[in-house]
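Supplied in structure tokens, the structure appears directly below.
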Amino acid sequence: MARIVVTGGAGFLGSHLTDALLARGDEVVSLDNLCTGELRNLAHLDGHPGFTFVEHDVTEHIAVDGPVDAVLHLASPASPPGYLALPVETLMVGSRGTHNALGLARAKGARFFVSSTSEVYGDPSVHPQPESYWGNVNPIGPRSVYDEAKRFTEALTMAYHRTHGVDVRIVRIFNTYGPRMRADDGRVVSNFIVQALRGEPLTIYGDGSQTRSFCYVDDEIRGFLALLDGPHTGPINIGNDGEFTMLELAEVVREVTGSSSPIEHLPLPEDDPKQRRPDLTLARSLLGWEPSVALSDGVARTVEYFASVLP
Ligand code: UDP
């Protein structure tokens, strides 16, 4: 049993991670400024003896009383429309927020776990992407506010590890989906499901031939815990290596929902990566972890969630 601080605790991944930690008997102090996170993701934990929520912006100094065994730093806008709407805040939480979270871990002698992203690979020229690939990121394009924030996050984390001996873990997350994504989050899985349930056209950006690899949230969180609990610093890719075009994803969503929504093509966002698939060799060999939920099963579970929350 450990006492764990989770930043971004009211977010999609932060709240699922909190549930998994509490389920195994850990105590969780959850911090979030609610800029993209939502209290309803934590409402079921009201009164839980191991759980505390503090509304706090981690770009400001983080004060937590008492011992802390691990700091899990997940705070950041993460969907493209989310970080494009909050560009400076995204850079600040990746830089100042990460600095504060690392400072807390160092002061408490705690392990530091941080969520990085497949976006550090940018529009990759190596496929699939192993952790050893340094990426192809436009440093001044609109997406740079997220990509460079996360690259800086990794650099600062490694600097604290080398300079101050902080025990760190870096996970590179590939497109993850599931219950508690926001209906207006803007990512492709939630967009398609919400559109299908409402009988609206599925919006495909560009010709739909670009690929992503979609990981169901339960698999992703299990991967986080394997990395957190193990001895490897990372970075380690955690995602699903099944690769789909957006046209194929639209078809899966139409099949699962039984929707006959038409496809509507909209312009491709600037610097949208053409392909993405994790090389999971390290995750499999070092963590003994691999994803287990097939896309159609995960989409079905996510459809069930949205069907229950949509007005
Ligand atoms: N996309 C799409 N329709 C949507 C939302 C996204 O075709 O309604 C595309 C987007 O252009 C990208 C892919 O789906 O090629 C994944 O987008 P998402 O925003 O989910 O995540 P990303 O991997 O780009 O961060």
Side-chain angles (χ1 to χ4, degrees), residues 11-13 36 74 76-87 90 94 115-124 127-129 135-138 141-151 171-217 220 237-254 257 259 261-278 295 298-299 302-303 306 310:
F12 165 49
L13 293 179
T36 56
L74 278 80
S76 179
S79 85
Y83 59 69
L84 293 173
L86 297 167
T90 300
S115 57
S116 183
T117 167
S118 55
E119 285 280 331
V120 300
Y121 304 123
D123 187 8
H127 193 71
Q129 294 79 54
N136 176 35
V137 171
N138 174 355
R143 291 176 90 97
S144 66
V145 299
Y146 185 66
D147 300 9
E148 297 293 9
K150 289 295 188 180
R151 290 171 70 95
V171 61
R172 290 189 181 149
I173 302 171
F174 284 66
N175 298 63
T176 303
Y177 68 96
R180 299 188 198 156
M181 296 184 89
R182 295 166 63 121
D184 63 353
D185 170 280
R187 276 180 278 203
V188 67
V189 175
S190 44
N191 273 8
F192 285 0
I193 290 176
V194 169
Q195 290 160 347
L197 290 175
R198 289 181 174 156
E200 295 167 1
L202 306 194
T203 54
I204 289 193
Y205 301 161
D207 65 7
S209 64
Q210 71 272 34
T211 68
R212 293 292 187 275
S213 302
F214 299 101
C215 188
Y216 188 66
V217 62
E220 189 70 33
N237 293 336
I238 297 288
N240 192 310
D241 51 5
E243 184 180 3
F244 297 85
T245 66
M246 295 313 103
L247 284 166
E248 288 169 336
L249 175 69
E251 220 28 68
V252 170
V253 171
R254 285 207 294 203
T257 54
S259 153
S261 286
I263 301 285
E264 178 185 9
H265 288 272
L266 295 178
L268 192 65
E270 196 175 336
D271 293 333
D272 197 274
K274 282 181 276 307
Q275 54 183 358
R276 180 180 293 157
R277 170 155 61 101
L295 183 63
V299 166
T302 311
V303 166
F306 277 113
L310 285 180

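Indexing begins at 1, ligand by ligand and atom by atom, following the structure's order. Just so we're clear, the structure is a prediction, and the values are computed from it rather than from any experiment.
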N191: numbered ligand 1 atoms lying under 4.0 Å from its heavy atoms: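 Listed by number with element: 4 (C), 5 (C), 8 (O).
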Straight-line distance of Q275 CD to Y121 OH, nearest 0.5 Å: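 Here the interatomic distance stands at 13.5 Å.
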Between P269 and ligand 1, find which residue part has any heavy-atom pair under 4.0 Å and reply side chain, backbone, both or neither.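 Contact part for P269 vs ligand 1: side chain (C-beta onward).
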Please work out whether any backbone atom (N, CA, C, O) or any side-chain heavy atom from C-beta onward of T203 is under 4.0 Å from ligand 1, and answer side chain, backbone, both or neither.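 For T203, backbone and side-chain atoms both sit under 4.0 Å from ligand 1.
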Distance (rounded to the nearest 0.5 Å) between I204 CD1 and L268 CG: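 Interatomic distance, I204 CD1 to L268 CG, rounded to 0.5 Å: 11.5 Å.
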Does the side chain of R212 reach to within under 4.5 Å of the side chain of F174, using non-hydrogen atoms?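 Heavy-atom side-chain distance check fails, nothing below 4.5 Å.
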From T211 OG1 over to E243 CD, what is the distance, rounded to the nearest 0.5 angstrom?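 T211 atom OG1 to E243 atom CD measures 3.5 Å (nearest 0.5 Å).
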Side-chain touch P201/Q195, heavy atoms, less than 4.5 angstrom: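 When only atoms from C-beta onward are counted, Q195 and P201 do not touch, as no gap falls below 4.5 Å.
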Can you pull out the closest protein heavy atom to atom 23 (O) of ligand 1? Residue, atom name and distance to 0.1 Å, please.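 That would be R212 NE, 2.6 Å.
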May I ask which of D272, N175, L249, T117 has a heavy atom nearer to atom 10 (C) of ligand 1 than the others do?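 Checking each option, the heavy atom nearest atom 10 (C) of ligand 1 is found in D272.
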Going by the atom numbers of ligand 1, which of them fall below 4.0 Å from some non-hydrogen atom of E119?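 Close to E119: 25 (O).
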To which protein heavy atom is atom 9 (C) of ligand 1 closest, and what is the distance rounded to 0.1 Å?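 Result for atom 9 (C) of ligand 1: Q210 NE2, 3.8 Å.
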Please report the interatomic distance CZ(F12) to OG(S190), rounded to the nearest 0.5 Å.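 Result: 8.5 Å between the selected atoms.
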Does ligand 1 have any atom that is closer than 4.0 Å to a heavy atom of S118?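 False for this residue.
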Contacting atoms of ligand 1, where contact means under 4.0 angstrom from a heavy atom of G186: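 Taking each heavy atom of G186 in turn, ligand 1 has 5 (C) under 4.0 Å.
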Show which atoms of ligand 1 fall inside a sub-4.0 Å distance from at least one heavy-atom site of R187.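 Per the distance check, 18 (P), 19 (O), 20 (O).
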As an exercise, identify every atom of ligand 1 less than 4.0 angstrom from a heavy atom of I204.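 Every atom of ligand 1 under 4.0 Å from some heavy atom of I204: 7 (O).
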Atom 1 (N) of ligand 1: the protein heavy-atom neighbour that sits closest, reported with distance to 0.1 Å: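 The protein heavy atom lying closest is Y205 CD1, 3.3 Å.
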Quick one: nearest non-hydrogen protein atom to atom 20 (O) of ligand 1, plus distance?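 Going atom by atom, the protein heavy atom closest to atom 20 (O) of ligand 1 ends up being V188 N, 2.8 Å.
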Would you say that D123 contacts D271 through its side chain, given a criterion of any heavy-atom pair below 4.5 Å between the two side chains?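 No, side chains not in contact.
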What is the distance from atom CZ of R143 to atom CG of L84, rounded to the nearest 0.5 Å?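 Between atom CZ of R143 and atom CG of L84 there are 7.5 Å.
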Return the CD to OH distance between Q210 and Y205, rounded to the nearest 0.5 Å.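 These two atoms lie 10.5 Å from each other.
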So between R143, K274, Q195, M246, whose heavy atom ends up nearest atom 22 (P) of ligand 1?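 It is R143 that holds the nearest heavy atom.
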